[in-house]
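Structure first, commentary second.
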Amino acid sequence: MAISLEGMVGNRMTNRQMFSKDIVEKILPLPLTSQTLFFHLGVMANKKGFVSCPGAVLRYTGCSVGDLTALTGTGLVELVEDGLFIKTC
């Protein structure tokens, strides 16, 4: 089972991102700020799960590096030199 985040623009469907129930259950024990960061990173990720601007996401969500560290501790986010990868399914 997956939770879908999708938007409508007029009668056209915009980008669609899925989060599996198993993944969502892994982040539920985390603080709300870490959960917020996870979902925003997921929405910003490309089809392969890559986010090239994690710092910008941290700034506009008001989340901290500690929230990012909490996500990496779960194994759902992997930091790489030029961004990060996020697991959504």
Side-chain angles (χ1 to χ4, degrees):
M1 180 176 174
I3 298 168
S4 173
L5 300 178
E6 55 191 357
M8 295 290 290
V9 176
N11 291 329
R12 297 182 328 212
M13 186 70 67
T14 60
N15 293 333
R16 182 176 172 165
Q17 180 68 318
M18 303 289 283
F19 296 92
S20 76
K21 184 178 177 188
D22 293 337
I23 298 292
V24 171
E25 287 175 351
K26 283 186 178 181
I27 68 159
L28 287 178
L30 298 177
L32 290 176
T33 52
S34 297
Q35 293 178 34
T36 299
L37 179 59
F38 178 79
F39 285 111
H40 278 272
L41 289 170
V43 169
M44 294 298 293
N46 65 16
K47 291 180 182 180
K48 295 180 180 180
F50 181 71
V51 180
S52 62
C53 55
V57 178
L58 280 171
R59 283 189 298 278
Y60 76 70
T61 58
C63 296
S64 69
V65 174
D67 295 313
L68 185 57
T69 302
L71 291 175
T72 57
T74 64
L76 297 176
V77 171
E78 179 185 346
L79 298 175
V80 293
E81 187 174 323
D82 54 347
L84 61 80
F85 283 95
I86 183 169
K87 296 179 184 176
T88 57
C89 294

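Count residues from 1 along the sequence. The figures that follow rest on heavy atoms only: side chains count, while hydrogens, waters and symmetry mates do not. Just so it is clear, the model here is predicted, and its values are computed rather than measured.
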Distance, nearest 0.5 Å, that separates [atom1] of [X] from [atom2] of [Y]:
X	Y	atom1	atom2	answer
L37	I86	CG	CD1	7.5 Å
F85	N46	CZ	CG	7.5 Å
C53	D82	SG	CG	11.5 Å
L84	L68	CG	CG	6.5 Å
Y60	M44	OH	CE	4.5 Å

Handout entry: P54 to S52 - nearest heavy-atom pair and separation
Key =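 Closest heavy-atom pair between P54 and S52: CD-C, 3.4 Å.
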
Practice task
Please step through side chain to side chain contact (heavy atoms under 4.5 Å, CB included) for the pair L71 and L41, ending with a clear verdict.
Solution key: CA-CA 11 Å; L71 291 175; L41 289 170; 4.3 Å; yes

Practice task
Could you tell me which residues satisfy side chain to side chain donor-acceptor pair (under 3.5 Å) with T33, sequence neighbours excluded, listed by chain and number?
Solution key: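 In terms of side chain to side chain donor-acceptor pair (under 3.5 Å), with neighbours along the sequence ignored, T33 is linked to D67.
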
Practice task
Spell out, yes or no, whether L79 and F38 are grouped together once hydrophobic residues are joined by side-chain heavy atoms under 4.5 Å, including indirect joins.
Solution key: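 Yes; tracing contacts between hydrophobic side chains, which count when under 4.5 Å, links both residues.
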
Practice task
Mind checking side-chain contact (heavy atoms from CB on, under 4.5 Å) for T74 and listing every partner two or more places apart, or none if nothing turns up?
Solution key: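 L30, L76.
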
Exercise for the section: Mind checking side-chain contact (heavy atoms from CB on, under 4.5 Å) for E25 and listing every partner two or more places apart, or none if nothing turns up? Expected result: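 Only K21, D22 meet the side-chain contact (heavy atoms from CB on, under 4.5 Å) criterion with E25.
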
Problem - side chain to side chain contact (heavy atoms under 4.5 Å, CB included) between V24 and F39, intermediate numbers included - result: CA-CA 9 Å; V24 171; F39 285 111; 4.3 Å; yes

